[in-house]
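Worksheet: one structure, shown below.
Just so it is clear, the values below take in all heavy atoms, side chains as well, and ignore hydrogens, waters and symmetry mates. Convention: sequence-line order gives letters A, B, ...; per-chain numbering from 1.
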Protein chains: 2
Amino acid sequence: MAEEAPPTSARPRISIRIIFGDEAMLGPGKAQLLEKIQETGSIAAAGRTMSMSYKRAWMLVEEMNRVFREPLVDSTRGGAKGGGARLTEAGETVLLNYRKLEEIMAEAGAARIGLIQSLLRDMAEGT
Amino acid sequence: MAEEAPPTSARPRISIRIIFGDEAMLGPGKAQLLEKIQETGSIAAAGRTMSMSYKRAWMLVEEMNRVFREPLVDSTRGGAKGGGARLTEAGETVLLNYRKLEEIMAEAGAARIGLIQSLLRDMAEGT
């Protein structure tokens with residue numbers, strides 16, 4: 001279902017969080033939730049693919065919708081088939097830019113990440 | 001007590017986590033802990049500046065020491081004065097590179113972060 005590369009345990013990866021004001025933030029969890037909503041057309045289904053309760057998935061969506069000028073997710077709550085959801089244009093823009101940011105970061109930070117990596121214990125021997 | 005700049009609520013900031021293998025990671029919390037150990041010369045005192053229990057501070061230090069080839073923190077546990085701690089050369093290198101990484105990221109990602117920021121609700125009006 002997910003088209004991520006298989007985890008290469010030796011290679012550190014970087015995750016980013018964008019923190020707005022004091023609390024609200026956009027990190028890997030919310031980004032993945034947006035992506036799964038895009039794929040599944042449903043907040044509940046998206047949450048399930050992430051082993052997340054319906055309630056929590058909704059809470060995260062509401063948090064995002066509150067922080068941005070326009071909602072990122074457009075949804076019909078409940079209803080016979082449990083409602084549907086899709087990303088708005090703002091939602092697609094935010095998700096795209098978050099993913100781009102990850103790429104830029106991995107590239108720009110490669111040398112420093114490599115340096116930190118060189119100090120790591122060989123994962124194969126540890127734990 | 002902390003010498004961080006006052007929160008500028010309008011400007012999003014970015015935080016990064018470097019994830020090694022499946023679980024171990026280095027993020028803003030551990031980086032700050034290293035920094036505070038450097039400043040205070042004590043794991044307990046460092047933890048206190050972050051409102052962190054002694055036990056948790058120790059656990060995080062042990063986690064870092066385990067993941068890297070050489071310990072990042074050199075410490076004398078307990079003792080009459082509660083022991084002392086300092087960053088090793090590896091610890092200083094890791095902390096320095098993590099901070100550099102943050103700078104690089106903020107710079108390289110500025111345009112995308114700005115774009116996401118432009119979609120944010122004006123913080124002053126919200127919440």
Side-chain angles (χ1 to χ4, degrees), chain A residues 7-28 64-72 88-91 93-127, chain B residues 7-28 64-72 88-91 93-127:
Chain A
T8 51
S9 59
R11 188 164 216 81
R13 61 192 182 78
I14 202 149
S15 96
I16 57 180
R17 281 181 167 68
I18 309 167
I19 298 150
F20 315 118
D22 289 333
E23 299 211 2
M25 60 157 88
L26 181 66
M64 288 188 275
N65 283 354
R66 207 165 43 227
V67 150
F68 286 92
R69 196 165 292 153
E70 292 174 35
L72 304 193
T88 62
E89 206 183 308
T93 305
V94 167
L95 177 59
L96 178 76
N97 278 280
Y98 179 85
R99 291 300 184 209
K100 283 284 174 197
L101 213 38
E102 286 184 318
E103 283 171 32
I104 291 167
M105 303 278 153
E107 222 163 287
R112 300 281 173 179
I113 297 171
L115 207 152
I116 293 177
Q117 179 174 22
S118 72
L119 297 175
L120 285 175
R121 191 184 292 280
D122 187 348
M123 289 298 181
E125 43 173 285
T127 330
Chain B
T8 51
S9 59
R11 187 164 217 80
R13 62 192 180 79
I14 201 150
S15 96
I16 57 179
R17 279 182 170 69
I18 309 167
I19 298 150
F20 314 118
D22 290 334
E23 300 211 2
M25 60 157 87
L26 180 66
M64 288 189 272
N65 282 353
R66 208 166 41 229
V67 150
F68 286 92
R69 197 166 293 154
E70 291 173 36
L72 304 193
T88 62
E89 207 185 305
T93 304
V94 167
L95 177 58
L96 178 78
N97 278 281
Y98 179 84
R99 291 300 183 211
K100 283 284 175 198
L101 214 38
E102 284 183 319
E103 284 171 32
I104 292 167
M105 304 276 153
E107 221 163 288
R112 300 282 174 179
I113 296 171
L115 207 153
I116 293 176
Q117 179 174 20
S118 72
L119 298 174
L120 285 176
R121 187 184 295 278
D122 187 351
M123 289 299 180
E125 41 172 284
T127 330

Measure the shortest side-chain to side-chain distance between [X] and [Y] over non-hydrogen atoms and say whether it is less than 4.5 angstrom.
| X | Y | value |
| --- | --- | --- |
| B:Ile16 | A:Ser15 | no |
| B:Leu101 | A:Ile14 | yes |
| A:Arg121 | B:Val67 | no |
| A:Asn97 | B:Arg112 | yes |

Under 4.5 Å from a heavy atom of chain A, the part of B:Leu115 involved: side chain
B:Arg17: partners by side-chain hydrogen bond (donor to acceptor under 3.5 Å, both in side chains), with sequence neighbours left out: none
With sequence neighbours excluded, residues passing side-chain hydrogen bond (donor to acceptor under 3.5 Å, both in side chains) with B:Arg66: none
Choice from A:Thr93, A:Leu72, A:Val94, A:Ile104 maximising heavy atom contacts with chain B below 4.5 Å: A:Ile104
B:Arg69 side chain vs A:Leu119 backbone, donor-acceptor pair below 3.5 Å: no
Gap separating the CG atom of B:Leu120 from the CG atom of A:Leu26, nearest 0.5 angstrom: 9.5 Å
